[in-house]
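Heads up: the structure comes next, in structure tokens.
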Amino acid sequence: ILGQTMSFYVETNRDTWDELRKIVQAVLPEGAASLTRETPLRDNAAWDWVAQVTLLLEVERVFRVRCSVSEIAYLKTLGDVVALIDSKRG
């Protein structure tokens, strides 16, 4: 379903944060109103574990990166996700 609504792929010169916000808004439209880099991935009332997994799968697909389980375990905020993506994209 998300592949149909998000048919773009991120180029290396685009801003990672802006693209991540688009992904979050597609996955969780009701929880995306006040996103910041400090927005937690866990303990967020609008995001259950299914939404978190969907978000991370979309991040991998859109940004064309692969994240290990140990890398994902350390993600606490959306800012952490941005940093991980940027580190993988060089």
Gap between atom [atom2] of [Y] and atom [atom1] of [X] - 0.5 Å precision:
X: W49; Y: L55; atom1: CH2; atom2: CG; value: 14.0 Å
X: D18; Y: I23; atom1: CG; atom2: CD1; value: 11.5 Å
X: R66; Y: R61; atom1: CZ; atom2: CZ; value: 10.5 Å
X: R37; Y: L20; atom1: CZ; atom2: CG; value: 9.0 Å

* Please, which pairs that meet salt bridge (charged side-chain N to carboxylate O under 4.0 Å, His left out) have at least one residue in residues 71-88, sequence neighbours excluded? ->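 Sorted result for residues 71-88: E71-K88.
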* Asked: Between T36 and L78, is a side chain to side chain contact (heavy atoms under 4.5 Å, CB included) present by the stated rule, with each step listed?
  -> CA-CA 7 Å; T36 69; L78 289 177; over 6 Å; no
* T16 side chain near R89 side chain, heavy-atom distance below 4.5 Å ->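 Heavy-atom side-chain distance check passes, below 4.5 Å.
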* Between L84 and Y74, is any pair of side-chain heavy atoms under 4.5 Å apart? ->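 Counting from C-beta outward, L84 and Y74 never come under 4.5 Å.
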Check: [X] side chain, [Y] main-chain N or O, donor-acceptor pair, under 3.5 Å:
X: T54; Y: V50; answer: yes
X: Q52; Y: L41; answer: yes
X: E60; Y: C67; answer: yes

